[in-house]
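Heads up: the structure comes next, in structure tokens.
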Protein chains: 2
Amino acid sequence: MDQEQEDILKYDQGTFHPGFSVDCVIFGFHANQLRVLLLKMKGADVWALPGGFVFKDEDVEEAANRVLQLRTGLDNIFLRQFHLFGKPDRSQPDFNAKLLRQRQIPFAPNHWFLQRFITLGFYALVEYSRVTPRPDTNSEACEWWDLQQVPALMQDHRQILDKALEALRLQLAYQPIGYNLLAEKFTMPELQRLYETILGKQLDRRNFQRKILAYDILERLDERRSGVAHKAPYLYRFNLEKYQQALEQGLEGGW
Amino acid sequence: MDQEQEDILKYDQGTFHPGFSVDCVIFGFHANQLRVLLLKMKGADVWALPGGFVFKDEDVEEAANRVLQLRTGLDNIFLRQFHLFGKPDRSQPDFNAKLLRQRQIPFAPNHWFLQRFITLGFYALVEYSRVTPRPDTNSEACEWWDLQQVPALMQDHRQILDKALEALRLQLAYQPIGYNLLAEKFTMPELQRLYETILGKQLDRRNFQRKILAYDILERLDERRSGVAHKAPYLYRFNLEKYQQALEQGLEGGW
DNA sequence: AACCATTGCGTAACTTGGACACAAAGTACG
DNA sequence: CGTACTTTGTGTCCAAGTTACGCAATGGTT
């Protein structure tokens, strides 16, 4: 894939799979807060989820990966589709027409960008510190936002974001989470803060440790995190093999 | 929606949302077996999932409902999207061209039916006895198949079916299942057989009863199922209010 | 050097889950 | 009509897991 960002709006009819887009809810974790990466649309006071279109012969998952790569600079990221948003009124052709005019791109009334779009929502978990946010040609900013302080979003992007969070919480119940969101080495309290912010509630320190260790996906290192205040906590890292296995098989089940 | 089934292939370019379809995995429960409703394609020795296209201004969920209604005669059914299948090679334009020729419909090489299709998979749970299977214009049969004996399916429909079953099993772990699949009144053993066939394993009768009753979504009636062999079991029905609530809030969680 | 928030490890009380026992109910068959 | 057999309703026991804490050790702070 070309690193150089091209102007999506200048593509011809027929370049992309028609009437279909992908939108990514990119989660990061910083300063004990869950954050999402958002784009500020040019000439409008709304923000948007990073999204894109699917090339005519491109895998849909691959398109989402491409979007992620372009906005964050990262590759090989945890990315999972969670819902398709297909209401007919979710598209706003007037808004899109305004965009085209603003960009001084000539267009016919049946321009592909003005059609109704169905969008597939993905959520991604990325390591905050490794991300280099990059706006696309239609946006003037690309920034992290605290989940508590997300600004007004265009179209139904707020709904998409909410549903992504719901899916993330659901994943927590039957699959491990953390790899890709935390640095390679991390402490138990850090992992706990992550779980707490995703769940939106506090957990008992000692019981958390017991439960997460029982999953048998962590390795304790002989190192401790030094320099910080108070007693130096041990560092852990995920055992990738077991982590992957837990992702596939699920952690518990209920039945 | 028009009850009368029209011939989909005779629609013009521009009738449907382009390059997009829905496919439904319709589960029923009969003779202690989980079954799926399949269509036999005309003039080909393969079966297919009931599917359809989305009208230009139609909600995607609504389109799936329409498909369900046309094939089963039922309305207001439990229906849930579970995965989008978007690989570029999943479409088989040659197969579709053959279909058009067979049906003696003239077509240009860029006919909408020959394009690449992205499909959204839904699964539905229906009450077997209330279904009246109806083939569509492209199929010569519409029948229930035992999950263990599903015949060869066209394209990636086998994958879609497998993924639907996976999603169904996952739902079992955190949401109740049974309403819509069973008759209004049912016995505990019947409910247990349902769980057992979905999970593909046997459960202890007594522990099952305790666990399912703990969910607090069932009401035991003063009636018993009479006429059958052996001791007459009590009849139960779902408390719809609590059932609905459990669907939304989830049953357990893990955290 | 005393202080104190935090970490590592442990334990008692309680809940949940799995394996199993037994009596009651209803059909089948001699 | 009574005995055998299968199935249902209810309950118990024990192991495993969960929850709610206690306490000493650590390492920077004052």
Side-chain angles (χ1 to χ4, degrees), chain A residues 31-32 172-176 178 182-183 185-197 199 201-237 246 249-255, chain B residues 31-32 169 172-176 178 182-183 185-197 199-237 246 249-255:
Chain A
N32 282 343
L172 215 56
Y174 71 101
Q175 287 183 325
L182 298 170
K185 300 174 182 180
F186 52 88
T187 67
M188 195 57 78
E190 284 165 1
L191 183 59
Q192 186 180 339
R193 298 296 164 264
L194 172 61
Y195 269 71
E196 286 179 337
T197 37
L199 291 168
K201 70 174 179 188
Q202 304 248 320
L203 301 170
D204 182 276
R205 183 174 64 86
R206 294 148 289 191
N207 295 334
F208 174 81
Q209 163 146 338
R210 194 192 351 236
K211 187 161 179 173
I212 204 96
L213 284 180
Y215 286 164
D216 193 28
I217 53 171
L218 291 180
E219 283 171 5
R220 193 170 87 173
L221 308 177
D222 283 333
E223 272 173 280
R224 287 159 182 263
R225 164 132 317 155
S226 57
V228 294
H230 313 300
K231 181 169 179 177
Y234 280 108
L235 287 172
Y236 291 81
R237 72 166 163 231
Q249 301 183 357
L251 288 172
E252 28 218 332
W255 289 96
Chain B
N32 283 344
R169 284 190 178 140
L172 215 57
Y174 72 100
Q175 287 182 325
L182 298 172
K185 301 174 182 180
F186 50 89
T187 67
M188 195 57 78
E190 284 165 2
L191 183 58
Q192 184 179 342
R193 298 295 164 264
L194 172 60
Y195 269 71
E196 287 179 337
T197 35
L199 290 168
K201 68 175 178 188
Q202 304 248 321
L203 301 170
D204 182 277
R205 180 174 67 85
R206 295 148 288 190
N207 296 332
F208 175 81
Q209 163 145 331
R210 188 161 26 142
K211 187 161 179 173
I212 204 99
L213 283 179
Y215 286 165
D216 192 29
I217 53 171
L218 290 180
E219 282 172 7
R220 192 170 88 172
L221 308 176
D222 283 334
E223 271 173 281
R224 286 160 182 264
R225 164 130 319 156
S226 58
V228 294
H230 313 301
K231 182 170 179 177
Y234 280 108
L235 287 172
Y236 291 82
R237 73 165 160 233
Q249 299 181 0
L251 288 173
E252 28 218 330
W255 289 96

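Here the structure is a predicted model, which is why all the values come from computation and not from measurement.
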*Donor-acceptor contact below 3.5 Å, side chain A:Arg225 vs main chain A:Pro233*: no
*For A:Leu172, does its backbone N or O pair with a side-chain atom of A:Gln175 as donor and acceptor, under 3.5 Å?*
no
Calculate the interatomic distance between [X] atom [atom1] and [N] atom [atom2]; express it in whole Å.
{"X": "A:Met188", "N": "C:dC9", "atom1": "CE", "atom2": "C1'", "value": "12 Å"}
{"X": "A:Leu221", "N": "C:dG8", "atom1": "CG", "atom2": "P", "value": "12 Å"}
{"X": "A:Gln209", "N": "D:dA20", "atom1": "CD", "atom2": "P", "value": "18 Å"}
{"X": "B:Lys211", "N": "C:dT16", "atom1": "NZ", "atom2": "P", "value": "12 Å"}
{"X": "B:Tyr215", "N": "C:dT16", "atom1": "OH", "atom2": "C1'", "value": "12 Å"}
{"X": "B:Phe208", "N": "C:dA19", "atom1": "CZ", "atom2": "P", "value": "16 Å"}
{"X": "B:Ile212", "N": "C:dG18", "atom1": "CD1", "atom2": "C1'", "value": "17 Å"}
{"X": "A:Arg224", "N": "D:dT26", "atom1": "CZ", "atom2": "C1'", "value": "8 Å"}

_Which nucleotide in C:dT7, D:dT10, D:dC23 has an atom nearest any side-chain atom of B:Arg206_ = D:dT10
*Side chain of A:Arg205 - closest among C:dC22, D:dC23, D:dC21*: D:dC23
Evaluate the side-chain proximity of [Y] to [X]: yes if any heavy-atom separation is below 4.5 Å, no if none is.
{"X": "A:Glu223", "Y": "A:Lys185", "result": "yes"}
{"X": "A:Arg193", "Y": "A:Glu190", "result": "no"}
{"X": "A:Tyr195", "Y": "A:Leu203", "result": "yes"}

_With the threshold set at under 4.0 Å for non-hydrogen atoms, list the residues of residues 226-237 of chain B touching DNA chain C in residue-number order._
B:Val228, B:Ala229, B:His230, B:Lys231, B:Ala232
*asked:* If you assign B:Asp204 and B:Pro189 each to the DNA chain D nucleotide with the nearest heavy atom, which residue ends up on the more 5' nucleotide?
replied: B:Pro189
*Have a look at A:Asn207 and tell me which of A:Gln209, A:Lys211, A:Arg210 forms a side chain to side chain donor-acceptor pair (under 3.5 Å) with it.*
A:Arg210
*Any B:Arg220 side-chain N or O less than 4.0 Å from OP1/OP2 of D:dT10*: yes
*Please check if atom CZ in B:Arg237 has more than 12 non-hydrogen atoms from other residues, nucleotides or ligands closer than 6.0 Å.*
no
_Pair B:Tyr236-B:Leu213, side chain to side chain contact (heavy atoms under 4.5 Å, CB included): steps then yes or no_ = CA-CA 11 Å; B:Tyr236 291 82; B:Leu213 283 179; 4.1 Å; yes
_salt bridge (Lys or Arg N to Asp or Glu O under 4.0 Å) partners for B:Arg220, two or more places apart_ = none
Could you go through nucleotides 12-17 of chain D and list every protein N or O atom that sits under 3.5 Å from one of its N or O atoms, giving the distance for each pair?
none

